[in-house]
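Keep in mind the model is a prediction, meaning the values are calculated, not measured. Both counts, for ligands and for their atoms, begin at 1 and track the order of listing.
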Amino acid sequence: MKLKIRTGFGYDVHQLQEGLDFWLGGIKIPYTHGALGHSDADVLIHVICDALLGAANMRDIGYHFSDKDPKYKGIDSKILLKEVMHLLSREGYEVGNIDSTICLQEPKVNPHIPAMKTCLAEVMGIPEEDISIKATTTEHLGFVGKKEGVAAFATVLIVKE
Ligand SMILES: [Zn+2]
């Protein structure tokens, strides 16, 4: 039996705009602003999708779910994540672990991390202990620091026997 282990990486940015719902890590965060996008603009889910697809060498989220396609307008990103998990399991891959960082000046992300982990674990069908979510500000520097946007990074490990 030969074990195939691969890593993947994801990066994404969304603008913040007043009055929008702020979806992050599969849950709605209470805030005056929300992320702007064709889908629900959940930046954490998007980077996890991209990292998973990258690990399997299956292009990126925009390739599978085009932002030109009206079918995906306002779509719950959890549906996209579920579909990505299907694509990977069809190729025989299982998720080893995920590590991620959300870059956001405001509001505080840390209090919401347990709920995000619970939500994502259920959507992906993997244990919460395999999902790490971290948060940082950028010390008021750049578009994150100026509260113009939210960014995220993720790495994943996937395994096939
Ligand atoms: Zn995105």
Side-chain angles (χ1 to χ4, degrees), residues 6-88 93 95 97-110 112-113 115-126 130-138 141-158:
R6 301 174 64 115
T7 70
F9 169 77
Y11 169 66
D12 191 24
V13 171
H14 283 269
Q15 273 181 47
L16 291 177
Q17 215 167 73
E18 195 170 0
L20 297 177
D21 287 341
F22 196 178
W23 288 96
L24 195 57
I27 64 170
K28 201 158 114 182
I29 304 290
Y31 191 48
T32 52
H33 291 56
L36 178 70
H38 185 69
S39 65
D40 66 3
D42 190 321
V43 73
L44 181 61
I45 290 187
H46 292 179
V47 294
I48 291 172
C49 286
D50 259 359
L52 290 166
L53 291 169
N57 202 353
M58 296 170 77
R59 307 287 296 261
D60 60 28
I61 190 170
Y63 176 82
H64 293 278
F65 316 106
S66 168
D67 64 4
K68 307 281 184 290
D69 191 334
K71 178 164 72 169
Y72 300 119
K73 179 94 189 95
I75 196 169
D76 181 344
S77 292
K78 294 189 280 293
I79 294 169
L80 308 182
L81 179 55
K82 250 196 184 126
E83 180 57 31
V84 167
M85 290 298 287
H86 279 305
L87 290 170
L88 262 78
Y93 287 112
V95 174
N97 74 299
I98 296 168
D99 186 23
S100 63
T101 299
I102 298 165
C103 308
L104 185 65
Q105 190 65 43
E106 228 177 50
K108 287 214 174 310
V109 173
N110 276 324
H112 303 293
I113 287 178
M116 290 177 185
K117 285 168 81 165
T118 303
C119 174
L120 295 180
E122 196 189 318
V123 171
M124 300 181 71
I126 66 174
D130 293 337
I131 305 174
S132 151
I133 303 170
K134 310 185 298 300
T136 185
T137 69
T138 57
L141 294 169
F143 66 85
V144 168
K146 291 181 176 61
K147 302 181 222 168
E148 293 167 351
V150 56
F153 302 87
T155 64
V156 304
L157 198 133
I158 60 171

Margin query: Among residues at least two apart in sequence or on other chains, which ones pass side chain to side chain donor-acceptor pair (under 3.5 Å) with Thr118?
Written below: Glu128

Note to self: Can you list everything that forms a salt bridge (charged side-chain N to carboxylate O under 4.0 Å, His left out) with Lys117? Sequence neighbours excluded, please.
What the structure shows: none

Next item on the list: List the steps and the verdict of side-chain hydrogen bond (donor to acceptor under 3.5 Å, both in side chains) for Ser39 and His46.
Entry: CA-CA 10 Å; Ser39 65; His46 292 179; 3.3 Å; yes

Item checked: Tyr31: partners by side chain to side chain donor-acceptor pair (under 3.5 Å), with sequence neighbours left out -> Glu106

Note to self: Does either side chain, that of Thr155 or that of Asp99, offer a donor lying less than 3.5 Å from an acceptor on the other one?
What the structure shows: no

Item checked: the Zn ion (ligand 1) - number of protein N/O/S atoms closer than 2.8 Å -> 3

Notebook entry, point to check: Among side-chain atoms of Asp12 and His14, is any donor-acceptor pair under 3.5 angstrom?
Noted result: yes

